[in-house]
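Labels below follow one simple rule: chain letters A, B, ... track the order of the sequence lines, proteins then strands, and each chain is numbered from 1. Computed from a prediction, not measured in an experiment: that's the story for all the values here.
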Protein chains: 2
Amino acid sequence: MAEAPRKKARLPAGDRRALLEDAARACMARGGIREFTVDRIVAEAGVSRGLITHHFGSMDGLLVAVYARMYREWMEVIEAPRPGLSRIEAIIEALVSPELFDRDVLNIWLTLWGEISNNPVLREAHRQLYGDYRATIAAALREAAQANGRELDADTVASAFICLVDGFGVQRCVEPALLTEADARAACRAFLGPHVGPF
Amino acid sequence: MAEAPRKKARLPAGDRRALLEDAARACMARGGIREFTVDRIVAEAGVSRGLITHHFGSMDGLLVAVYARMYREWMEVIEAPRPGLSRIEAIIEALVSPELFDRDVLNIWLTLWGEISNNPVLREAHRQLYGDYRATIAAALREAAQANGRELDADTVASAFICLVDGFGVQRCVEPALLTEADARAACRAFLGPHVGPF
DNA sequence: GCTGATACTATACAACCGTTCAGCAAGGAT
DNA sequence: ATCCTTGCTGAACGGTTGTATAGTATCAGC
């Protein structure tokens with residue numbers, strides 16, 4: 001006979017934190033910032049009301065943790081090596097992959113952007129991470145341009161490219177039918193081609 | 001001696017509606033959807049708590065009204081004739097103009113996108129208006145391409161172009177320093193040039 | 001087996017949420 | 001002068017918000 005499931009078993013601190021972060025993301029994916037509330041999140045996670053404050057200090061603390069985890073997972077997919085593809089191609093494929101080009105994921109991002117724009121605590125957290133993202137894209141662009149013997153202002157192009165990608169996210173949230181994964185890939189390639197040359 | 005200001009003077013119904021819409025936008029520009037509350041809005045407008053329900057039935061009603069007005073004003077600037085410029089150039093100049101390329105305006109849009117994505121009432125309102133926007137852009141693209149004797153899938157390119165523009169909005173809200181009006185203009189032209197030819 | 005730290009629960013709290021509604025004020029019609 | 005309609009107020013409602021905190025369970029070190 002299997003062990004009877006002990007109620008309220010002790011868990012390593014990290015597990016419970018991750019559980020709450022996942023629950024918070026599920027709520028945000030479902031209903032944006034309006035679902036990011038203590039009651040919804042603890043109900044989703046199946047824990048007591050006090051646990052959020054216990055682990056994160058405040059709702060802002062949890063919000064920052066969610067942002068950090070979203071960012072980390074995003075970058076993992078972006079930076080994953082894809083055999084046979086150049087770095088810039090790999091990035092484009094990552095951006096239209098099921099992991100990143102996903103309504104739930106993008107709805108969480110849309111929600112986070114809205115908060116970054118208005119919440120000083122999250123804005124500060126964003127500032128620290130965002131530079132890395134742009135630098136990664138810019139490095140891939142520089143690499144592709146060099147392979148074709150071209151000059152380019154990698155930072156500026158990377159910035160505009162990120163705008164395009166963020167816009168895909170918006171579009172996919174507000175008008176999902178209008179933008180397929182193939183459209184997004186084609187738009188990325190059409191956008192970057194003139195700047196870095198064939199890839 | 002001037003007329004003594006009468007308190008609670010009667011106003012045409014439309015004026016009071018517009019007053020509330022403006023107050024709601026001021027709140028959203030300041031703090032996103034979290035500031036879109038009855039108390040904040042009526043305080044901003046200097047009217048009583050009951051007035052929102054009286055004129056709009058509910059907060060969702062006001063939200064739809066705000067969206068409709070944002071859309072109308074956006075389109076007015078987009079469609080304004082600009083002597084000496086082609087239609088597509090005029091649209092790009094409109095997009096980077098002080099009226100549209102404005103932190104407050106774009107923060108309201110970012111807030112509205114987040115709501116469209118999660119609020120069925122607003123999503124329905126959006127669906128009806130959005131098609132017109134895309135059609136306007138697509139028509140300008142077709143015109144430019146024809147002038148250069150080119151073929152293009154105007155709807156698809158318009159859709160991707162709108163993504164780019166929406167992404168500018170996101171970027172300007174979450175990282176205002178990184179994207180100047182000149183950057184945005186240059187990115188628009190670089191994006192459209194390869195599709196429609198010189199303009 | 002005690003002690004102290006840690007993980008967690010559950011209640012309580014004041015503040016705020018959107019909506020309802022009774023009533024007042026002002027003007028037009030009769 | 002009296003009614004009715006309309007624009008608007010302001011109090012009241014039940015429900016939800018985030019946080020503070022007292023109390024309970026569990027485990028490591030001794």
Inset, instruction - Test B:W113 against A:W113 for ring-ring contact (aromatic ring centres under 6.0 Å, His included), laying out the working first. - result: CA-CA 11 Å; B:W113 294 332; A:W113 293 332; 9.1 Å; no
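- Both A:R34 and A:L51 sit near DNA chain C, but only A:L51 has its closest nucleotide nearer the 5' end.
- In this pair, B:Y130 and B:Y133 present their aromatic rings perpendicular. The plane angle is above 60°, beyond the 30 to 60° band.
- Nearest-nucleotide assignment on DNA chain D puts the 5′-proximal partner with A:R40, out of A:G50 and A:R40.
- The CZ atom of B:R49 sits 11 Å away from the P atom of D:dA11 (whole-angstrom rounding).
- Rounded to an integer number of Å, the gap from B:D39 CG to D:dG15 P is 19 Å.
- Comparing D:dC8, C:dC8, C:dG18 by their closest approach to the side chain of A:H55 singles out C:dC8.
- Residue contacts shown for B:T53 include a base, since a base heavy atom lies under 4.0 Å away.
- When rounded to the nearest whole Å, the span between CD1 of A:I41 and C1' of D:dT17 equals 12 Å.
- Distance CG (B:L19) to P (D:dT9): 10 Å, rounded to an integer number of Å.
- Note on B:S48: every side-chain N or O is 4.0 Å or more away from OP1 and OP2 of D:dG10.
- The interatomic distance linking B:H54 (NE2) with C:dC21 (P) rounds to 16 Å, in whole Å.
- Using a 4.0 Å cut-off, some side-chain N or O of B:R16 falls inside it from OP1 or OP2 of D:dT9.
- Set against D:dC8, C:dC17, C:dT19, the side chain of B:M59 has C:dT19 as its closest nucleotide.
- In this structure, CG of A:L62 is placed 14 Å from C1' of D:dT19, rounded to the nearest angstrom.
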For this session: Let me see the working for B:R103 and A:S117 under side chain to side chain donor-acceptor pair (under 3.5 Å), right down to the final yes or no.
Result: CA-CA 10 Å; B:R103 241 299 319 236; A:S117 181; 3.2 Å; yes
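- Spacing between atom CD1 of A:I52 and atom P of C:dA10 amounts to 15 Å, rounded to whole angstrom units.
- In the hydrophobic clustering of this structure, A:V96 does not group with A:V105; members are Ile, Leu, Val, Met, Phe, Trp, Tyr whose side-chain heavy atoms approach within less than 4.5 Å, directly or through other members.
- Side-chain proximity of A:T37 to D:dT9, C:dA7, D:dG18: nearest is D:dG18.
- Between A:F191 and B:F191, the two ring planes are tilted [angle within 30° to 60°].
- What separates CZ of A:F56 from C1' of D:dG18 is a distance of 15 Å, to the nearest Å.
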